[in-house]
Structure formats: C-alpha cells, structure tokens
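In what follows, residues are counted from 1 in the order of the sequence shown.
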Amino acid sequence: MHLSKKCSVFKVVLSALLIVALLQLIYLSFLSTFHGKQQRYRYSELFGVRKNGHPEKNSRKERLRYSLSTGGIFDHSGQYRVYKYLVKSDFTSNLKPATDPGSNVLALATHTTINNLHHLESLVERWHSPLAVAVFAHGEDVKFATALVYALSFFCPQIQSLVDFHLVCLSGEMASFPEQDREHFAGLEDCASVFSRLETHRDKHKNYAIGGNVSYPNNLLRNVARGGTQSSYVLVLDMDMMPSADLHQQFLAMILSRGPPGDEVFVLPAFEIRHARKMPANKAELVQLYQVGEVRPFYEELCPRCQAPTNYSRWVNSHVREAGPLEAAYTLAWTDPWEPFYIGPRAVPLYDENFKQYGFNRISQACELHVAGYRFSVLSSAFVVHRGFKIQGEFHARKDEENKRNRVLFRSFKEGLKTKYPSSSRRC
C-alpha cells in the first residue's frame, strides 16, 4: 500500500514536469514565431518588401539602389572605387541655394574603416550640423559596411537628418544592394542595436593594419568626404577625434561678422585625452584636465614638434578670456613639421592622394597651404581632442617602413610645389 502511494506521487510529479516542459516548448515556439515576425517586419521596414503583391514605397532604399547601380567611379590612380553619396542625408537632399545663409556655413568631414565607425555615435551627439563620412571597406567588409551604413541612416534620426555617407573600396570590388542579406540585419531594431553591431567590429585591426597588403587611402578619403559637403567652410577630422561643444554655432557667429572667405585657415589646437576620461566640452574643462595631466598636446609622445608651433602655453594661459565670443586669437607662420587641424574655406587645396597609410599625409597639405599663401590663425577657445593617448608600440608593424616611403614622396611633393606655385617665395 505504501509502495502504491509512492508510485502515485511519482506519476503526479512526472506528469507535472511533462506539462511544464510542454508549456516551455509552446512558450519558446511562440517567442520564436513572434521574434521572426518582428524581424520580418523590421526587414520589410528597411527594404519595403512586397505587401499584398505591391511593393511598398521606400525612397531611402531607392536612393541606395540607385547609388549602387552606378557602379561608383574610379579614383585618379584607378586603384579605388568611390561611391559618392552612398546614403544621402535629409539635409543634403533638401538643400536649396539662396536659403538661410547661416544654414550651410560649416560642415565636418571625416573618414574611417568599419571598425572605427562606432565613434560616430558620440560624434553626432556633439556635432548637430552637416557631417560627411567617407568609409573605406575591403573584402567582406564592403557588404557589411553597405548594410550597416544603410541601417544607421534608417534607424538613427539625427544621422538620417544630417549625415552623408560615401563608400570607398578597391577598384576590383563592388558594393551590392543588401536586399537579400538578412544576416547583417538580424536583431537590428533601433539605433542602439546598430551601434551594438558595429561594436563587434571595434578595434578589429590596429591603425592602418587592414590586412591583405591593402593600403588605407586616407587622403583620398579626406577628399571624398570634403567633396561631399556643400558648405562654405569645412573641418576635416579623423573619426576618433572630437571637436569642442557648440563649435558650429560659435564659428557661425564669428564668421558672419567677417568678410567673405580669404586666404586664411582657422587652427583648432589638438589634444589627446586619457581613455578613461570624459571628453571636455569647453576650454575651461579642457584646461582643468590639462593642468593635472589627464589631457596633453596631440602626438606629444610620438612627435612633439608636429604640433608645437600651435604654441600651447600661449593658448592655455589665455583661457581667462574663454567666456567671450570665439575669435582668432593669434596668427602664426607655418613651420616644418606643423600639421594643424583647421577649419578652412572649401577652396583650399585638396589633399595629395599619393600619400597612403602612415606618414606625411596631413603635413603635405599644410605645407601646400603655406606655399599657396594661406595664413594660420589659432582660434581662441575651440579645440579638438583625440580619444586616448598616442603611445609608442600601439601602431602596426609596418609603420616605420611606410613613414620612410612617404618621406621620400614628400621630398618629391615639395619640389612639385615650386612648379605649381612659381610666383610664391614660400618654401617648406
């Protein structure tokens, strides 16, 4: 009798366990079906797939399809394929001439590989104005870049509003429309999820170490991004650099009180900040961090001479006047090997695209500005900050080899400037 009761209890417990397991299976099946429907809905949102036999209208998708259908254009060397305006912002799409003169004074142009594109999230949080991004991708990353750039423009309202994307790949590669490529879109539901996906590619390679003996065409990318703006002035930065807050509004107020653009560029002192520190928003915050060693001049450890002409002590010690309007604090003559970050009129010479990988890519353009007769005026309270200290040993293995090759190219470049500017007495 006692054994019979035990058997009955065992059967009841077993039945209960089976019921619980069955309910769990039904619940998991429901979640899977629901998630699948949600993903199909998101996918149909992205690509406007057919509904009741009729294609849904998706103008952003059609613009992407058109950009890709052109096949891009080759750069002057024939080594790279360029898709200009792969994804166009609402600002650029709706831009009309002779509108508000203050609406298109200053744009930011930047460049990156897919593994640094996650920095765009914090950049757009600070820069609420037109922004052009030139993305370089190689191999499988061409497909990934096309898909994720489109997703960013779809799910992120501020990016959709203000950011233009341009894509550069090797001439033998082509970007394709990602309509059937559900792999890269699985799990994308909002802007945060797209940046989370980009985080999976974060720091995939060391600087310039793309692999496959592929050269990063930094100056081509700078020119593509710069050419993708319609503004009177352009600030060209690397993706991992951050401008001071409210720079656009401050520069607009300053420039509207001056005459038309002349042969002058406006230098923003460049700094680098310890990784753990929050980016300073204004000069007062930056000077405070500078005084305790949490911020230092850009490239201080690697090439202090490259930024020294900025005259950091003069700029920092004038911070008591920071509360006033932005102005040109002082003007400097260019000296070798200064490679400043600056806001310049769109007529400034382009970057020389023969320079690739590491070394002399920015100084060559600064050198040409000098020979062409430009003045270098340092802004009173604006600045740019690089995320993290630049230190020896963080670069890829071929850095010194590339620097040596580009040094030889730089000598040839300087000789060419004598022919290009025969009436100039300036040399560099």
Side-chain angles (χ1 to χ4, degrees), residues 101 105-109 219 222-223 226-227 229 231-237 241 243-244 247-271 283 297-299 303-319 321-322 324-352 360-384 410 413-414 416-428:
V105 170
L106 176 62
L108 194 157
N219 277 359
R222 290 182 176 114
N223 287 341
R226 225 184 80 174
T229 67
S231 59
S232 304
Y233 289 86
V234 184
L235 168 61
V236 180
L237 291 179
M241 301 196 78
S244 49
L247 173 58
H248 185 274
Q249 295 89 330
Q250 293 170 356
F251 184 80
L252 174 62
M254 182 190 84
I255 215 66
L256 290 180
S257 66
R258 300 165 67 100
D263 295 337
E264 181 179 23
V265 296
F266 301 96
V267 175
L268 291 86
F271 297 85
K283 186 173 181 178
F298 185 63
Y299 254 45
C303 181
R305 293 174 58 243
C306 294
Q307 298 296 326
T310 302
N311 198 337
Y312 284 95
S313 60
R314 179 177 180 180
W315 188 84
V316 167
N317 290 329
S318 67
H319 75 277
R321 296 164 50 214
E322 186 269 334
L326 185 67
E327 61 184 5
Y330 50 93
T331 300
L332 299 169
W334 183 86
T335 56
D336 188 20
W338 194 23
E339 44 183 26
F341 294 92
Y342 65 85
I343 296 171
R346 61 181 299 105
V348 298
L350 295 172
Y351 293 84
D352 188 289
F360 296 90
N361 49 78
R362 285 195 309 106
I363 190 177
S364 55
Q365 204 249 3
C367 164
E368 181 167 357
L369 290 178
H370 168 67
V371 174
Y374 281 84
R375 306 188 310 279
F376 294 79
S377 297
V378 182
L379 292 175
S380 57
S381 55
F383 56 87
V384 294
F410 184 51
F413 172 81
K414 290 191 289 185
L417 292 180
K418 296 176 183 177
T419 304
K420 189 173 181 179
Y421 302 96
S423 61
S424 176
S425 61
R426 297 183 176 186
R427 296 290 181 264
C428 55

Please examine the side chains of [Y] and [X], heavy atoms only from C-beta on, and report whether any two atoms are closer than 4.5 Å.
X: Ile343; Y: Ile255; value: no
X: Cys367; Y: Trp334; value: yes
X: Tyr330; Y: Ser318; value: no

Working to the nearest 0.5 Å, report the span between [atom1] of [X] and [atom2] of [Y].
X: Leu235; Y: Met241; atom1: CG; atom2: CE; value: 9.5 Å
X: Cys428; Y: Ile363; atom1: SG; atom2: CD1; value: 8.0 Å
X: Arg426; Y: Leu417; atom1: CZ; atom2: CG; value: 13.0 Å
X: Tyr312; Y: Asn317; atom1: OH; atom2: CG; value: 14.0 Å
X: Ser244; Y: Lys283; atom1: OG; atom2: NZ; value: 10.5 Å
X: Thr335; Y: Arg305; atom1: OG1; atom2: CZ; value: 8.5 Å

- [ ] Using the side chain to side chain contact (heavy atoms under 4.5 Å, CB included) rule, take Arg427 and Lys418 through it: C-alpha gap first, then chi angles, then the decisive distance, then the call.
- [x] CA-CA 8 Å; Arg427 296 290 181 264; Lys418 296 176 183 177; 3.8 Å; yes
N/O donor-acceptor pair under 3.5 Å between [X] side chain and [Y] backbone:
X: Thr310; Y: Pro269; result: no
X: Ser231; Y: Tyr233; result: yes
X: Ser380; Y: Glu327; result: yes
X: Gln307; Y: Glu339; result: yes

Measure across [X] and [Y] and return the closest heavy-atom pair with its distance rounded to 0.1 Å.
X: Pro349; Y: Gln365; answer: O-NE2, 2.8 Å
X: Arg362; Y: Pro340; answer: NH1-O, 3.5 Å
X: Arg226; Y: Val348; answer: NH2-O, 2.7 Å
X: Phe413; Y: Ser364; answer: CE2-O, 3.1 Å
X: Leu379; Y: Trp315; answer: O-NE1, 2.8 Å

Side chain to side chain donor-acceptor pair (under 3.5 Å) with [X]: which residues, sequence neighbours excluded?
X: Ser232; answer: none
X: Arg346; answer: none
X: Glu368; answer: Lys420, Tyr421
X: Ser313; answer: Asn311

Task: Any donor-acceptor N or O pair under 3.5 Å, side chains Arg222, Asn219 - done: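 Checked: Arg222/Asn219 side chains pair up, N/O donor to acceptor below 3.5 Å.
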- [ ] Could you check whether the rings of Trp338 and Phe376 sit parallel, tilted or perpendicular, using 30° and 60° as the cut-offs?
- [x]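 Because their plane-to-plane angle lies in the 30° to 60° range, the rings of Trp338 and Phe376 count as tilted.
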Open item on the list: Listing request: all salt bridge (charged side-chain N to carboxylate O under 4.0 Å, His left out) pairs with a residue in residues 259-269, at least two apart in sequence or in separate chains.
Closed with: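 Checked against salt bridge (charged side-chain N to carboxylate O under 4.0 Å, His left out) - neighbours excluded - the pairs reaching residues 259-269 are Arg258-Glu264, Glu264-Arg375.
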TODO: Only counting residues at least two apart or in another chain, list the ones meeting ring-ring contact (aromatic ring centres under 6.0 Å, His included) with Phe298.
DONE: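 Applying ring-ring contact (aromatic ring centres under 6.0 Å, His included) to Phe298 gives Phe341, His386.
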